[in-house]
Amino acid sequence: MKKVVTVGLGYIGLPTSALMANFGLKVHGVDINQNVVNTINEGKVHIIEPELDEAVRVAVRNGNLTADTKPVKADVYLIVVPTPFQGEHEPDISYVESATDSIIPLLKEGDLYIIESTSPVGTTEQMKCRILDKRPELKDNISIAYCPERVLPGNIMHELVHNDRVIGGVDKKSTENAIKFYKGFVKGELHPTNSRTAEMCKLVENSSRDSQIAFANELSMICDSADIDVWELISLANKHPRVNILNPGSGVGGHCIAVDPYFITASFPNEAKLIATSREVNNYKSLWCVQQIKKTITDYNLTHNKTPAVALLGLAFKPNIDDLRESPALFIAQSINDAFPGEEIIYVEPNIDKHLSLELRSFEYAKSKADVLVFLVGHDEFKTYNRENKNQRILDFCGITNEKY
Ligand code: SAJ
């Protein structure tokens with residue numbers, strides 16, 4: 001039975017480890033956080049993701065998944081650690097480097113080393129040099145590849161198995177060996193390429209979505225000035241057989257789409273103009289929403305001679321999840337909170353129980369109390385909204401009511 005070491009037991013590393021273990025591989029998961037390691041060894045999870053808890057429970061119970069803070073000798077090493085930014089959106093690959101350093105002494109002839117972490121183009125080749133610098137005898141004797149994940153949070157366990165994957169080795173033999181390995185647990189098609197193309201492919205997938213959303217967001221601001229309902233406009237334009245405009249919103253969040261394009265702009269600043277502008281447009285859209293809310297509050301104040309009760313609906317980075325990472329809605333809520341200290345602002349996020357600094361209320365409460373209702377995230381619960389109070393002012397940034405901005 002093949003033994004796999006997964007370095008990094010986060011949003012991708014843990015689900016992948018549990019999946020491989022349940023497909024019969026012996027998996028030794030590594031994480032620097034002792035609490036994470038302890039939780040997993042108890043058969044529990046530190047991440048909320050449908051079906052993950054059961055997968056981890058089963059894998060730990062049948063002995064195929066263990067966790068530790070140190071790696072052990074294995075046949076396959078998967079690097080699934082974060083690649084954060086330093087300074088102004090400069091990718092920091094130091095976690096990939098130290099994960100690689102930790103397994104270099106353990107490598108033996110015939111092993112397979114794979115990076116899954118989102119990485120700047122060229123990282124896999126750099127890690128090859130790093131490995132061979134210290135272990136020159138392994139030249140041409142180990143396989144080194146890059147294989148990005150492309151799963152959607154909320155559907156990870158299904159997509160890990162069923163999505164197609166792009167697999168790029170530093171040479172032909174590496175690509176073939178990596179494909180053979182993923183065939184053990186992936187039912188989607190496995191597409192061979194080289195490591196640089198696979199690295200760029202991951203970045204391009206999320207950048208392309210970012211640019212498409214930027215187009216929709218820009219359109220929403222143009223339509224506001226032109227007094228056109230952007231939702232009606234998009235649905236009409238999308239009747240064209242070759243047009244498919246995405247949905248404007250309160251900005252772009254999450255840890256992927258709002259982040260990955262910077263890996264391209266940092267490496268190719270002279271060429272990546274559209275990609276950089278898309279990031280700017282999507283970030284600007286959140287600021288624009290803040291301005292719209294402030295203006296509505298000021299106008300209300302002038303007309304009614306009092307500050308309105310404002311309800312901000314949704315804090316998550318996208319509909320129907322509890323994830324607040326890089327959330328534009330949270331940014332907007334915090335900006336309004338800072339701009340109107342002491343005023344009555346109602347925060348609603350039905351997918352979480354508590355927030356550290358914002359007091360959360362129910363949607364029912366918000367509807368009954370607010371003079372201004374601001375829809376920031378298209379949660380299903382908000383779609384039940386039916387205007388009862390004709391004086392209630394609505395700002396719908398996510399198009400879930402039939403009210404214009
Ligand atoms: N959004 C819009 N308008 C839209 C679609 C999305 O404003 O029409 C916003 C969302 O509200 C959210 C952000 O974009 O703030 C991103 O949400 P998302 O659902 O598009 O994507 P993520 O970040 O949850 O997951 C993405 C996926 N990538 C693509 O769809 C190309 C997923 O497949 C990747 O695996 C994931 O990034 C990742 O880990 O890279």
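All values derive from a computational prediction rather than experimental measurement. For ligands, and for the atoms within them, numbers begin at 1 and follow the listed sequence. Position 1 is the first residue of the sequence, and the numbers go up from there.
- Those atoms of ligand 1 that come under 4.0 Å of a heavy atom in Leu152, given as number and element, are 24 (O), 25 (O), 27 (C), 32 (C).
- Ranking the protein heavy atoms by distance from atom 37 (O) of ligand 1 puts Cys256 CB, 3.1 Å first.
- If you number the atoms of ligand 1 from 1 as listed, the ones under 4.0 Å from a heavy atom of Glu205 come out as 31 (C).
- The protein heavy atom nearest to atom 8 (O) of ligand 1 is Asn247 N, 3.0 Å.
- Given atom 33 (O) of ligand 1, the protein heavy atom at minimum distance is Arg150 O, 3.1 Å.
- The residues Glu364 and Lys367 are annotated as salt-bridged, a charged nitrogen and a carboxylate oxygen being separated by less than 4.0 angstrom.
- A salt bridge is defined here as a Lys NZ or Arg NE, NH1 or NH2 lying under 4.0 Å from an Asp or Glu carboxylate O, and Lys295 with Asp299 meets this definition.
- Scanning the protein heavy atoms around atom 5 (C) of ligand 1, the nearest turns out to be Arg209 NH2, 3.3 Å.
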Can you list the steps and then say if Tyr113 with Thr100 is a side chain to side chain donor-acceptor pair (under 3.5 Å)?
CA-CA 9 Å; Tyr113 162 95; Thr100 304; 2.7 Å; yes
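- Taking every non-hydrogen atom of Ile257 and a distance limit under 4.0 Å, the qualifying atoms of ligand 1 come out as 16 (C), 18 (P), 20 (O), 21 (O), 23 (O), 26 (C).
- Those atoms of ligand 1 that come under 4.0 Å of a heavy atom in Glu149, given as number and element, are 35 (O), 39 (O).
- Scanning Asn206, Thr118, Leu203, Val151 for the heavy atom closest to atom 28 (N) of ligand 1 points to Asn206.
- If you number the atoms of ligand 1 from 1 as listed, the ones under 4.0 Å from a heavy atom of Val252 come out as 13 (C), 14 (O), 15 (O).
- Counting only N and O atoms by type, the side chains of Asp101 and Ser98 include no donor and acceptor under 3.5 Å apart.
- The pair Asp323-Arg325 counts as a salt bridge, with a side-chain nitrogen and a carboxylate oxygen less than 4.0 angstrom apart.
- From the protein, the heavy atom lying nearest to atom 12 (C) of ligand 1 is Phe317 O, 3.2 Å.
- The atoms of ligand 1 that sit less than 4.0 Å from any heavy atom of Lys202 are 35 (O), 38 (C), 39 (O), 40 (O).
- Comment: Glu149 does not engage Arg165 in a salt bridge, judged by the lack of any side-chain N to carboxylate O separation of less than 4.0 angstrom.
- Residues Glu54 and Arg57 are paired through a salt bridge, judged by an N-O separation under 4.0 Å between the basic side chain and the carboxylate.
- With a 4.0 Å heavy-atom cut-off, ligand 1 is reached by the side chain of Pro153 but not by its N, CA, C or O.
- Scanning all protein heavy atoms for the shortest distance to atom 9 (C) of ligand 1 gives Ile213 CD1, 4.0 Å.
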Show your reasoning for whether side chain to side chain donor-acceptor pair (under 3.5 Å) applies to Gln334 and Asp338.
CA-CA 6 Å; Gln334 271 160 345; Asp338 293 346; over 6 Å; no
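- Nearest protein heavy-atom neighbour of atom 19 (O) of ligand 1: Lys318 NZ, 3.0 Å.
- In this structure, Phe382 and Pro350 approach most closely via the heavy-atom pair CZ-CD, 3.7 Å.
- Arg130 has no carboxylate O lying under 4.0 Å from a charged side-chain N of Asp133, or vice versa, which leaves the two without a salt bridge.
- In terms of protein heavy atoms, atom 13 (C) of ligand 1 is closest to Gly253 O, 3.6 Å.
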